[in-house]
Protein chains: 4
Amino acid sequence: MAEELSFGTAIGTSDATHISLLGQDLAADLMGKVGFGELAFWLVAQRRPTPAETRVFETVLVALADHGFTPTAIAARLTYLSAPESIQGALAAGLLGGGSRFLGVTEDCGRFLALTLASAELPTTDAGFDELARVAVTEARAAKRFVPGLGHPVHKEQDPRTPVLIGIAREEGLEGPHLRLFQAIGRVHPEILGRTLPLNGAGVAGAALADLGLPVDLLRGFALLARAAGLLGHLAEEQRNPIGMDVYTTVDRHARYEPRS
Amino acid sequence: MAEELSFGTAIGTSDATHISLLGQDLAADLMGKVGFGELAFWLVAQRRPTPAETRVFETVLVALADHGFTPTAIAARLTYLSAPESIQGALAAGLLGGGSRFLGVTEDCGRFLALTLASAELPTTDAGFDELARVAVTEARAAKRFVPGLGHPVHKEQDPRTPVLIGIAREEGLEGPHLRLFQAIGRVHPEILGRTLPLNGAGVAGAALADLGLPVDLLRGFALLARAAGLLGHLAEEQRNPIGMDVYTTVDRHARYEPRS
Amino acid sequence: MAEELSFGTAIGTSDATHISLLGQDLAADLMGKVGFGELAFWLVAQRRPTPAETRVFETVLVALADHGFTPTAIAARLTYLSAPESIQGALAAGLLGGGSRFLGVTEDCGRFLALTLASAELPTTDAGFDELARVAVTEARAAKRFVPGLGHPVHKEQDPRTPVLIGIAREEGLEGPHLRLFQAIGRVHPEILGRTLPLNGAGVAGAALADLGLPVDLLRGFALLARAAGLLGHLAEEQRNPIGMDVYTTVDRHARYEPRS
Amino acid sequence: MAEELSFGTAIGTSDATHISLLGQDLAADLMGKVGFGELAFWLVAQRRPTPAETRVFETVLVALADHGFTPTAIAARLTYLSAPESIQGALAAGLLGGGSRFLGVTEDCGRFLALTLASAELPTTDAGFDELARVAVTEARAAKRFVPGLGHPVHKEQDPRTPVLIGIAREEGLEGPHLRLFQAIGRVHPEILGRTLPLNGAGVAGAALADLGLPVDLLRGFALLARAAGLLGHLAEEQRNPIGMDVYTTVDRHARYEPRS
């Protein structure tokens, strides 16, 4: 039966002599000329980032790449212990922990800021942003919801990544409405919530990515890309200096049978 | 019961006011100063790459980031269609296809070259590398095994990535024994195999990564990191211009029930 | 430093001579005496199901095990094509598609019914269930939300699984409030929604599992267990009579480069 | 362009009024009449198992379903902690640990026995099996390879599952050449290896599955199906009585920064 199939893509094609990617010749135009972070941005946004945008973007990725023995890193190492023949399995298992609880801040914060900005006229002054921030924080409080990006379990006074990321965005002329609104939230929330919380660096990352025009629905994807590098570091270390077996035997050794009554 | 647990890591630690990564202060020394590709290399090799090494490394990642509608990209898109609430699931599903059949060349080639180099004295001239290459190709042929990295299903004459990657490694002074041996294999194999095959770009990538001193057992990990960026590009496109449903319905529509006799 | 670690579990323990599972001796009490479906129920609910409960439970699993070339089955096959050395990767990739879009009905329906039942006094008559159903459907409509479990993309008049599953639950004395409420929804919704939709068999499965006392937050898990069996069937078939390469080449062959304007 | 696509499957089809599975009407012939274990066997082997075969098959699944706090169970729990919105992610992460190190015995043993049987004429007496076993064990020893299925890290004298599984296979008339050869290996290896090792229950499972005619290349798949049930049990327990956070904080708390010299 006649069939007219078509699967459209703007990413790339290849034939016997050429590989094109994003409308460029991969070999002639991209390799050795475009950085990996730059390409990742380009692949998602479907436009080439400026050097300023690339700098902020790579700063975000570096900020999110690793957080030590996170549940994701431990899961990746345990999987590598059990299935060393499949690096892709260990990496995938680690990334599967990149969900709402520990990796959600970047996306949740970006989305919260985006929705807030979409709900009103765009402020032009800090005072305007403060006003919008007051509304948003007050509404969240009334709905008994946390403001995503406020607070950090360890960095209780200041997340060291926060001022650096904001500073670099500012240097590069990319401190946009999401970052400004998030800083406004930082200013106004104590009077509403009754306590002062730091701006979570991963939340600032979400604001920065949104100000780069990257889609809110993919912010978690960038955190995952960053984390993939960190996980490869953990897997390399697991090859050299493993802890997976120790984690397993520690849990197993201290297992206590507690039947349900 | 007294318990002395210790899980050693050289990657990083954090406390209330500082995050250290690879012995550096993340916020003060790395963010905005170190690129993402540079950090990925550093995380795995546990040493900071030189600018020359970073350039070759990022060229490899760019070369491997995407290949259009690969089985991995299709699987990622199908998973995103089915579970759009979990970007991490779609990314993981795509990466799980990064196995031996389509993503194995980089690692297999790097390992083949490394084992060959380990089996003899290190050649110093092209003629010496040619000799070692002849031995390796002849042995593979006798054992009825393919030489990893020779040949490409599409680029039957030349893989466009190959001369560019070799050229950049040479420019940066990082054309080491793996790359030299692989080029020697390119020169000598026709007389042994009876036909001329191109050097696969993904195989050259493996040789280049090995010449950067990166561990052979993690070469596939770098291909996966590169591919993660490509997969995010596909997922972004799936959000904007989906093909997942079309793929699914195309297969489903043409399903033919063929009972086993 | 002294450390008192304890990881409690009610599932099982083992020592050199015995393996206990769920408070039983695995070898002496379970193997050959307890079926796999029965054990799966027991592992999750932490109580042994009656024969009647086991029959309904296994009926649900059989009903949900396979749906032909679903996105999950295709993704599993593509992953197996790419990484045949890792059955666990192919199975995992398939299961990762078990998300909201195609595998959500069982859980969503079970949850909807449970929440509705929790919001009112438990009806005792069909008329009482009809009344509660009217309220639930009306509220969903007002909130512009679909009633989970109503409708099926293929079985537009009746899902063949529905009457059978309800019948077996009834036979076994396990037609509880969730199933009764779901049938009431089937009766009353036409007058409210203005059209008649079939009860989705996977939704009935959710109601049946909830009537077995299984936790609503794990209903998707049972659909995944069932689907794991179906996916193994697909992987076995992919080994014998592969379609993965055909799917891949079909998509690749019909890829059309459509740059963004 | 005219296109003749066809994706053959022997698993099933469905239309508006019927769902067929394995050549049967799912609703009329399978639901409530065929057990889940029976269906799983049928889906893979593409033939309906006899009651005797079903009993042995389900015994194997029950024997392999859970082993307490294995690396896979811990990884699944950590992933559920991090991404509780995705049961499929937590289950997939757990299954990804089902690789060579801890879940390989079933498949490796089944394959070893199958290859050994294929290399010689089929013995008919215990003495004949002993002879074949001697050859196999001696060859493995000479090649410095372990005999898969011999030995267990915990059950150093006897794996309690072993005599039960063999006994049930014998009861059901399904003690075939793989099981006979494995028992012969149990008898003869002490004189060759110089020590006595128990027959690993998971290895016996592989032999039993092979004697059921199930494909060697899918033996790991059955172990994974069994383990999926165990993992659901762990995830249910994690919902009620979590340990994931404790595992994570235990590792994190005892992390020690050990820079590479």
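In the text below, chain A, chain B and the rest are named by the order of the sequence lines, each starting its count at 1.
In terms of non-hydrogen atom pairs under 4.5 Å with chain C, the most contact-rich of G201(D), A10(D), G167(D), S100(D) is A10(D). Counting heavy-atom pairs closer than 4.5 Å to chain C, the top-ranked of the candidates G32(D), G12(D), G68(D) is G32(D). Taking V56(D), V60(D), I243(D) one by one and counting their heavy-atom pairs under 4.5 Å with chain C, the maximum is reached by I243(D). In terms of non-hydrogen atom pairs under 4.5 Å with chain D, the most contact-rich of P84(C), G8(C), A90(C), G230(C) is G8(C). For the options L235(D), L225(D), I168(D), heavy-atom pairs under 4.5 Å to chain C are most numerous at L225(D). In terms of heavy-atom pairs under 4.5 angstrom with chain C, the leader among D66(D), D159(D), N241(D) is D66(D). Between chain C and the residues A226(D), A228(D), P242(D), the largest count of heavy-atom pairs under 4.5 Å involves A226(D). Chain D forms the most heavy-atom pairs under 4.5 Å with one residue out of S6(C), G97(C), A229(C), A16(C), and that residue is A16(C). Ranked by non-hydrogen atom pairs under 4.5 Å with chain D, the options E58(C), H18(C), K156(C) are led by E58(C). Interface remark: of the candidates T54(C), D15(C), L232(C), T162(C), L232(C) forms the most heavy-atom pairs closer than 4.5 Å to chain D.
Using a 4.5 Å cut-off between heavy atoms, L96(D) contacts chain C through both its backbone and its side chain. Both the backbone and the side chain of V154(C) come within less than 4.5 Å of a heavy atom of chain D. With a threshold of 4.5 angstrom between heavy atoms, A223(C) does not approach chain D through any atom at all. For V247(C), the parts lying near chain D are the backbone and the side chain together; criterion is any non-hydrogen pair under 4.5 Å. Both the backbone and the side chain of H234(D) come within contact range of chain C, each with at least one heavy atom under 4.5 Å from a heavy atom of that chain. At a 4.5 Å heavy-atom cutoff, the contact between L165(C) and chain D is made by backbone and side-chain atoms alike. Only the side chain of Q239(D) comes within less than 4.5 Å of a heavy atom of chain C; its backbone N, CA, C and O stay farther away. When heavy atoms are compared at a cutoff of 4.5 Å, A63(C) approaches chain D by way of both its backbone and its side chain.
Residues I87(C) and L218(D) have side chains in contact (heavy-atom distance under 4.5 Å, counting atoms from C-beta outward). Taking 4.5 Å as the limit, every side-chain heavy atom of T17(D) sits out of range of all side-chain heavy atoms of H155(C). A 4.5 Å side-chain heavy-atom check between I11(C) and F69(D) finds every atom pair outside the cut-off. At least one side-chain heavy atom of L91(D) sits less than 4.5 Å from a side-chain heavy atom of L95(C).
The CG atom of L5(C) lies 8.5 Å from the CG atom of D246(D); values are rounded to the nearest 0.5 Å. Between atom CZ of residue R227(D) and atom CD of residue Q88(C) there is a gap of 12.0 Å, rounded to the nearest 0.5 Å. In this structure, CZ in R161(C) is found 8.5 Å from OG in S14(D), a value given to the nearest 0.5 Å. Rounding to the nearest 0.5 Å places CG of L224(C) at 11.5 Å from CG of L231(D). If you take NE2 on H67(D) and CD1 on I19(C), they are separated by 6.0 Å, rounding to the nearest 0.5 Å. To the nearest 0.5 Å, atoms CZ (R220(D)) and OG (S86(C)) are separated by 7.0 Å.
Listed here is the closest heavy atom pair of T250(D) and F7(C): OG1-CZ, 4.1 Å.
Residues of residues 35-46 of chain D lying under 4.5 angstrom from chain C, judged on non-hydrogen atoms, are G35(D), F36(D), G37(D), L39(D), A40(D), L43(D), V44(D), Q46(D) by number. Residue-level contacts of residues 20-31 of chain C with chain D, in order of numbering, are L21(C), L26(C), A27(C), L30(C), M31(C); threshold 4.5 Å between heavy atoms.
With 3.5 Å as the limit, one finds a donor-acceptor pair spanning the side chains of T9(C) and E237(D).
Around the CZ atom of R240(C), the shell of radius 6.0 Å holds more than 12 heavy atoms that belong to other residues, nucleotides or ligands.
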